[in-house]
Chemist: 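Sharing a structure, written as structure tokens. Questions coming.
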Amino acid sequence: PIVAGMRAVNDAVDNMFKLVDGFSAETSGGLMLMIPASKAQAFIDEISQRDGHPAWIIGKVVAGSKTGRIVDNVTVLEI
């Protein structure tokens, strides 16, 4: 997720922040956690119940070649 309107700002400065390219440190004040997939939905439900704040599953760690990439056609959430 990114702060609402930041994609337009990034576009206005010719992608200077590389916001949707996966290189920006912009996190909109968020917190990224790694937890077992089997507990992810319960965590999301608990955060929502306790604080009323949304949480999302944004990816997964898988065995591979020790390389990474941003998937094609990424979905950007502006909140």
Side-chain angles (χ1 to χ4, degrees):
I2 62 172
V3 173
M6 285 306 297
R7 187 173 193 162
V9 171
N10 184 70
D11 292 346
V13 294
D14 196 31
N15 197 30
M16 179 175 74
F17 302 118
K18 300 191 181 301
L19 188 61
V20 296
D21 298 332
F23 297 107
S24 176
E26 202 276 351
T27 62
S28 68
L31 180 64
M32 186 182 303
L33 303 170
M34 290 180 22
I35 59 176
S38 62
K39 296 183 178 186
Q41 190 58 54
F43 176 81
I44 288 172
D45 295 344
E46 184 174 341
I47 287 292
S48 179
Q49 180 184 20
R50 286 179 177 249
D51 298 329
H53 295 290
W56 299 274
I57 298 171
I58 61 167
K60 60 185 175 180
V61 177
V62 297
S65 61
K66 297 186 179 182
T67 61
R69 69 178 187 88
I70 303 298
V71 298
D72 297 329
N73 302 315
V74 66
T75 300
V76 176
L77 302 174
E78 292 193 53
I79 56 171

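What you see below is based on every heavy atom in this structure, not just the backbone, and it leaves out hydrogens, waters and symmetry mates.
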Chemist: Between atom CG of Asp11 and atom CE of Met6, what is the distance when rounded to the nearest 0.5 Å?
Modeler: 10.5 Å

Chemist: Output all residues satisfying side-chain contact (heavy atoms from CB on, under 4.5 Å) with Asp72, sequence neighbours left out; order by chain, then residue number.
Modeler: Arg69

Chemist: Decide whether Leu33 and Ile47 are clustered together by the hydrophobic rule: side chain heavy atoms of Ile, Leu, Val, Met, Phe, Trp, Tyr closer than 4.5 Å, transitively.
Modeler: yes

Chemist: How would you list, by chain and number, every residue that makes a side-chain hydrogen bond (donor to acceptor under 3.5 Å, both in side chains) with Ser38, sequence neighbours excluded?
Modeler: none

Chemist: Mind checking whether Ile57 and Ile35 sit in one hydrophobic cluster, side chains of I, L, V, M, F, W, Y counted as touching below 4.5 Å?
Modeler: no

Chemist: Identify, with sequence neighbours excluded, every residue that meets side-chain contact (heavy atoms from CB on, under 4.5 Å) alongside Val13.
Modeler: Met16, Phe17

